[in-house]
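The structure appears right after this line, and notes come after that.
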Amino acid sequence: QNSKVARASHNIMAYRVHQSDGIWTQDHDDDGESAAGGRLLHLLQVTKATNVCVVVSRWFGGVHMGPDRFRQINNAARQLLERCGEIDGASSSKSKTANRKP
């Protein structure tokens, strides 16, 4: 076990699995970081990430981040998913019509 992760203020988790019978199994845990797990699960849904579990650990450093913490948590998860090849880069969050020129 990583002792640094064990000492984290919050370990926020979301998973999304597509079973062989076609049923989706998905859930999240905020670990005290209100609504953060649900936002992570939403990221997995909109990027169509499949058969993944993401955990983002956050430490309180003495500065209240406010709503910006959700952006930071989602950015960390998105970068991990991109790096692991689970989702495409910037195009995974934009619709195809948003990328078209008028």
Side-chain angles (χ1 to χ4, degrees):
Q1 273 198 9
N2 185 326
S3 63
K4 188 173 182 181
V5 172
R7 291 188 317 266
S9 303
H10 304 284
N11 292 302
I12 303 120
M13 181 272 302
Y15 67 87
R16 187 168 187 254
V17 177
H18 190 240
Q19 299 178 28
S20 59
D21 59 4
I23 295 175
W24 286 96
T25 302
Q26 53 189 9
D27 201 0
H28 62 85
D29 182 13
D30 298 326
D31 192 28
E33 185 69 72
S34 184
R39 290 174 184 234
L40 265 185
L41 179 57
H42 182 257
L43 173 70
L44 297 180
Q45 292 167 336
V46 299
T47 59
K48 298 182 170 85
T50 304
N51 301 329
V52 297
C53 178
V54 176
V55 178
V56 177
S57 297
R58 190 174 88 75
W59 292 262
F60 180 68
V63 176
H64 291 280
M65 295 175 62
D68 188 50
R69 70 187 184 277
F70 298 119
R71 185 176 57 81
Q72 298 294 335
I73 291 166
N74 269 15
N75 283 345
R78 179 182 294 279
Q79 288 173 11
L80 174 68
L81 291 167
E82 288 173 0
R83 202 171 304 149
C84 292
E86 296 298 328
I87 62 173
D88 293 332
S91 63
S92 62
S93 64
K94 297 178 183 175
S95 71
K96 292 183 181 191
T97 55
N99 293 328
R100 289 186 193 157
K101 293 182 180 179

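None of these values were measured; they are calculated from a predicted model. Just so you know, these numbers use all the heavy atoms, side chains as well, and skip hydrogens, waters and symmetry mates.
In this structure, Trp59 is not a member of the same hydrophobic cluster as Ile73, with clusters built from ILVMFWY side-chain heavy atoms closer than 4.5 Å. Each of Met13 and Ile87 belongs to its own hydrophobic cluster when Ile, Leu, Val, Met, Phe, Trp and Tyr are linked at side-chain heavy-atom distances under 4.5 angstrom. Val56 is not connected to Tyr15 by any chain of hydrophobic side-chain contacts under 4.5 Å among Ile, Leu, Val, Met, Phe, Trp and Tyr, and they are in different clusters.
Side chain of Ser57 to main chain of Val55: no donor-acceptor pair is present (N/O by atom type, distance under 3.5 Å, no hydrogens or angles).
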Mind listing the side-chain donor-acceptor pairs of residues 33-46 below 3.5 Å, one per line with the distance, residues two or more places apart or on another chain?
unit_1, atom_1, unit_2, atom_2, d
Glu33, OE1, Arg58, NE, 2.7
Glu33, OE1, Arg58, NH2, 2.7
Glu33, OE2, Arg69, NE, 2.3
Gln45, NE2, Gln26, OE1, 3.4

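Residues Asn51 and His18 come closest through the heavy atom pair OD1-N, 2.9 Å.
The distance from the NZ atom of Lys48 to the CZ atom of Arg16 is 8.5 Å, given to the nearest 0.5 Å.
Listed by chain and number, the residues in a side chain to side chain donor-acceptor pair (under 3.5 Å) with Thr25 are Gln19 (sequence neighbours excluded).
For the pair Leu80/Arg83, no side-chain contact is recorded, criterion being any heavy-atom separation below 4.5 Å from C-beta on.
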